[in-house]
Amino acid sequence: MMNCFEVRQEFAAFWRRELAPEQRSALVAHLKGCAKCDHAFRTFAMSAPVLHSAAEPPQRAAAERPVAKDSRARRPATVARGDYEPRRRGYAMSAAAMILVAASLAAYFSVTAPVGSLTDELSGTQEPAVQLFGSDLTPTSEDLAS
Amino acid sequence: MLGLAASRKTGWKLAVRPDEELITEILNGQTAAFSELATRHRPRVERLCQRFFSDPEVARDLAQECFIRAYTALPSYRREMPFGGWLRAIVTNLCYDELRRRRRRPEELIADFSAPEMQWIGLVNEATPEDIVGAAEERREAHDLAHRLLETLRPEDRTVLTLKDSEGLSVSEVAETMGWSVAKVKIRAFRARQALRKQAERMTASGRGRSQ
């Protein structure tokens, strides 16, 4: 007599028809009398055609609907908007991050650049910043010298 | 002709040259030997791809890609491991990458069952175990639904289950194939079985609910 553990260990062999007739009968008899193992077998049977089948998968009949290459074709209406594709979401998030970084950099330089330019001008390493910023208020090197 | 006659006389094993011999020829520039090597391993490679993807076209494409990669990487092949195992590592990693690329959400699982799929779920709920096993071999929808169920798993969970259950690899062999630790494989296998059981129960319960 097989116990529950032994029975569940033999599910795969049963599925592949590898059990000896007496083992097969013992397993079937156990499943008839044990609701938990019977439930476990029916759960197992849902994935077994792919995971445990030794045979080639049966061919699809021409009349049957084709399996969509794009998984979106099977989506329910509630999630079929096409806007949550992980890849696309990744691209969108990358683009948003890049825009944010660019905006931050622009803001940072717009604040710090005049000071840096003035320093450079004082040290004589850069042309006056007036051309760069177009402001009459920016002192020229002549102003600073006088 | 002589070789054929000899092979008929002495048995087929003499006619089959070892993988290592073919690999040596390919590395020496006789690229035609790769065709023999690919023909020999193609059925196993395609079968493994079919465990990951239900669409035969996708499985064939991946098998083809696997042989291209194998050909390109052949100079790096180390002879201490069997060529079949090396090839399996290539195809598994290819399929794993593809799974990661096209992962579906678990909520898509119970979306739209076709009539044959509903019949199959009903049969799993009601029929005897022996009838279920017999029917599964003839029904394409059993295969398709199993794929839909497996698609809800994380790619690494599915890869571990496929290598362990379908290919019969041990935990350490799976770890070696994927370049993961043994502990990771054990954890993934445990979680994969839990998740698979949960999703299968959802699927059968859904079938029961719709048939009532």
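Numbers restart at 1 for each chain; the letters A, B, ... are given by sequence-line order, proteins then strands. Everything numeric here is computed off the predicted structure, so don't read it as measured data.
Proximity to chain B (any heavy atom under 4.5 Å) is restricted, for A/Leu31, to the side chain, taken from C-beta onward. With a 4.5 angstrom heavy-atom cutoff, A/Val28 touches chain B only via side-chain atoms. Interface residue B/Leu150: only side-chain heavy atoms are found under 4.5 Å from chain A. Residue B/Glu167 does not touch chain A at all, counting heavy-atom pairs closer than 4.5 Å. If you measure heavy-atom distances from A/Ala12 to chain B, you find no contacts under 4.5 Å at all.
Ring-plane geometry between A/Phe44 and A/Trp15 is classed as perpendicular, the angle between the planes exceeding 60 degrees on a 0 to 90 degree scale with a lower cut at 30. By the 30° and 60° cut-offs, the orientation of the rings of B/Phe34 relative to B/Tyr71 is perpendicular. Between B/His147 and B/His143, the ring-plane angle classifies as perpendicular under the 30° and 60° cut-offs.
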| request: Output, in order, the C-alpha distance, side-chain angles, deciding distance and verdict of salt bridge (Lys or Arg N to Asp or Glu O under 4.0 Å) for B/Arg40 and B/Glu36. | output: CA-CA 6 Å; B/Arg40 183 178 300 173; B/Glu36 189 178 339; 3.5 Å; yes

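Salt bridge annotation for B/Glu156-B/Lys184: absent, with no cationic side-chain nitrogen under 4.0 angstrom from a carboxylate oxygen.
Residue with the most contacts toward chain A among B/Gly168, B/Pro129, B/Ala142: B/Pro129 (heavy-atom pairs, distance under 4.5 Å).
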